[in-house]
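Counting begins at 1 with the first residue of the sequence.
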Amino acid sequence: NQNQPGGNDFGLDDISFTACEDIHLQQEAFAGEDATICSNETLTLGQNSAFGYQYTWTPSYGLNSSTIGNPAFQVSNTNGMDMSFELIVERDSASVGCVSSDTVMVTVLYVPEYTPFSDTIVCPGDMAVFTVSDNWSNVLWDNSISTTTAELAVGSHNILLQYNECEVNDQFDVSAEPMPNLDLPDTHEACEPDGVLLNFDQTVEWSDGTIGNNWLGFESSTVSWTYEQNNCVFRDTTEVIIYQEPTWILGEGIDACDDETVTIDPALVGDWDVVGQQQILTTDVEGDYVFTATIGICSYYFPFEVRMNYTPILQEDMYADYCPDRALEIGVAPVEGWNYTWSNDSIGSLLEVDAEGIYWLHASNACGTDSMRFEVQEIVCSSDLYIPNTFTPNEDGFNDVWRPLGHDISNYHLWIYDQLGQAIYESFDLNSGWIPEVNRIDLAYTYRIEFVDYEGDPHVVTGHINLLR
């Protein structure tokens, strides 16, 4: 007691004692059961960590942690023999010196070294070749091949490798080099005279040996191309079809008779521009038609004319006077498409005659024939001109018109003048006469006539006309 003097007593401050009571020993140190694993196989050691305990593993080699109660142990053993590891765990309770330890023996079996296969890209249509070492007891590929080398097609694959008790399973993919954007349709069609243009963004080699990004052709052919990408050669083929314009064998038109129905067959696939008339045209109507020939995707247009001819019809018999000293031409106006033949074997629609007689004209075409008769009579020809000197325009129906009478006269020109010399009437027609106005007084009037006779000689005749009512 510090209050009592003397003696040999003494005191200690801040000293505590802790016993290793049962409550602190609820979890004994446990390293796990002895085990044998394969190389690279993961083994969980010990037990779950408990609150308030500290753990220390020695050695720490192969552990994912050396300070937890249940670390993962993994070791790669490619040394050719099995390996053994003694692992010790120490468990400390609250750092107060209550320590417990345990030991586990782990044997890691030897497994041959293996590097997982990477995903592989091959050219389209090719196989990928994979090889493993011959150190394995068994090799099994997913396509049932059991050799160390396998050729694998595009797809997902796996390999199972066995060595004694151990297995290695690996999965990997084989994919094809992506096809470049150079795909062509199976066929390209065009109509003559157009061609086919094949076009790419990339430069390729064409089957005709040219190199470039386009190809132009005007004939039907099979066209292929090649393109290299990442040591892969891509090929494709397309069929170029150029439809040629068909041969039109019917010409521009056809002639038919007016009482005939024609049938027109161009021997081509197509139709006419007449409703219901396909390939073969049947018609009795003349006009312009169009045939559309269809070949593949192409349409070709051919105009065609149907011309209706009519059976020749000539006039009734004709009569003509013939002057021996003059040329006389007989006949008719020609009609296109008609053939004309005379009875004297002359041809043409007109005939110059130099003798009287009977002449026959025959007109013909593909539709028929007709004939007409010309009777030519010889006469004595002269240019006579009779000029009256008096007439009585009193509307009694007799001698009311003044006019000269004549024949074989040409270039006829008449003037009539009054007493002052003024022209009061003019005519170029021998068959037209003068009918004076009602107020025209009875007097003598002067006339002047110019004409050419049948021999071509000009004449001028003058005189007086007596008008009496």
Side-chain angles (χ1 to χ4, degrees), residues 184-199 214-223 237-318 331-342 346-351 360-373:
L184 291 176
D186 293 337
T187 58
H188 283 266
E189 299 175 296
C191 307
E192 191 182 40
D194 296 337
V196 166
L197 177 64
L198 307 180
N199 207 350
N214 57 64
W215 179 92
L216 178 63
F218 294 91
E219 296 182 357
S220 297
S221 62
T222 299
V223 180
T237 298
T238 189
E239 195 72 21
V240 172
I241 302 175
I242 307 292
Y243 295 103
Q244 295 184 345
E245 182 174 354
T247 300
W248 182 253
I249 62 176
L250 298 181
E252 296 180 354
I254 188 173
D255 293 306
C257 297
D258 54 324
D259 58 351
E260 181 182 359
T261 298
V262 296
T263 298
I264 305 166
D265 184 1
L268 297 173
V269 176
D271 54 70
W272 295 88
D273 60 341
V274 180
V275 176
Q277 301 290 316
Q278 296 182 347
Q279 187 166 349
I280 298 178
L281 173 66
T282 301
T283 184
D284 59 359
V285 179
E286 68 177 359
D288 295 321
Y289 297 83
V290 175
F291 180 79
T292 302
T294 303
I295 301 179
I297 64 171
C298 305
S299 296
Y300 297 93
Y301 304 95
F302 299 96
F304 190 80
E305 181 182 7
V306 175
R307 298 178 293 268
M308 289 298 180
N309 293 318
Y310 297 89
T311 302
I313 299 177
L314 296 175
Q315 305 173 28
E316 298 295 331
D317 295 349
M318 294 189 65
V332 296
V335 177
E336 184 178 359
W338 291 11
N339 298 313
Y340 297 91
T341 305
W342 292 88
S346 297
I347 59 174
S349 65
L350 299 175
L351 175 67
W360 285 93
L361 173 63
H362 309 287
S364 65
N365 62 11
C367 300
T369 302
D370 194 21
S371 301
M372 69 177 294
R373 179 175 176 270

Nearest heavy atoms of Ile295 and Pro246, plus distance in Å: CD1-CD, 3.6 Å
Under the 3.5 angstrom rule, does the side chain of Asn365 hit a backbone N or O of Tyr310 as a donor-acceptor pair? yes
Tell me, please, which residues at least two apart from Thr247 pass side chain to side chain donor-acceptor pair (under 3.5 Å). none
Sorted by chain and number, sequence neighbours left out, side-chain contact (heavy atoms from CB on, under 4.5 Å) with Ala363 holds for Pro312, Leu314, Trp338, Tyr340
Taking salt bridge (charged side-chain N to carboxylate O under 4.0 Å, His left out) as the definition, give me every residue that meets it alongside Glu305, ordered by chain and number, with sequence neighbours left out. Arg307
Are Asp258 and Thr311 packed together at the side-chain level, in the sense that at least one heavy-atom pair is separated by less than 4.5 angstrom? yes
Do the side chain of Thr238 and the main chain of Val223 share a donor and acceptor less than 3.5 angstrom apart? no
What pairs with Gln244 under side chain to side chain donor-acceptor pair (under 3.5 Å), at least two apart in sequence or on another chain? none
Which side-chain N or O atoms in residues 263-274 pair as donor and acceptor under 3.5 Å with protein atoms at least two apart or in another chain?
unit_1, atom_1, unit_2, atom_2, d
Asp265, OD1, Ala267, N, 2.9
Trp272, NE1, Gln279, O, 3.1
Asp273, OD1, Val290, N, 3.1
Asp273, OD2, Val290, N, 3.4

Among residues two or more places apart or on two chains, list those pairs meeting disulfide bond (SG atoms under 2.5 Å apart) that have a residue in residues 249-306. Cys191-Cys298, Cys257-Cys367
Considering non-hydrogen atoms only, spot the tightest contact between Thr222 and Glu239 and give its length. OG1-OE1, 2.7 Å
So which pairs with a foot in residues 283-298 pass side chain to side chain donor-acceptor pair (under 3.5 Å), sequence neighbours left out? Thr283-Tyr289
With sequence neighbours excluded, tell me which residues meet ring pair (Phe, Tyr, Trp, His ring centres under 6.0 Å) with Trp342. Phe374
Atom CG of Leu216: over 12 foreign heavy atoms under 6.0 Å: yes
Leu361 side chain reached by Leu351 side chain, heavy atoms, under 4.5 Å: no
Residues at least two apart in sequence or cross-chain that pass side chain to side chain donor-acceptor pair (under 3.5 Å) with Ser349, listed by chain then number, are none
Quick check: closest heavy atoms across Ser371 and Trp360, and the distance to 0.1 Å? CB-CE3, 4.2 Å
Rounded to the nearest 0.5 Å, what separation is found between the CD1 atom of Ile347 and the NE2 atom of His362? 14.0 Å
Ring pair (Phe, Tyr, Trp, His ring centres under 6.0 Å) filter on Trp248, not counting sequence neighbours, yields Phe291, Phe302
Can you list everything that forms a side-chain contact (heavy atoms from CB on, under 4.5 Å) with Asn339? Sequence neighbours excluded, please. Ser364
With a sphere of 6.0 Å drawn around CD1 of Ile297, does it hold more than 12 non-hydrogen atoms of other residues, nucleotides or ligands? yes
Hey, could you give me each pair passing side chain to side chain donor-acceptor pair (under 3.5 Å) that has a residue in residues 185-194? Not counting sequence neighbours. Glu189-Tyr243
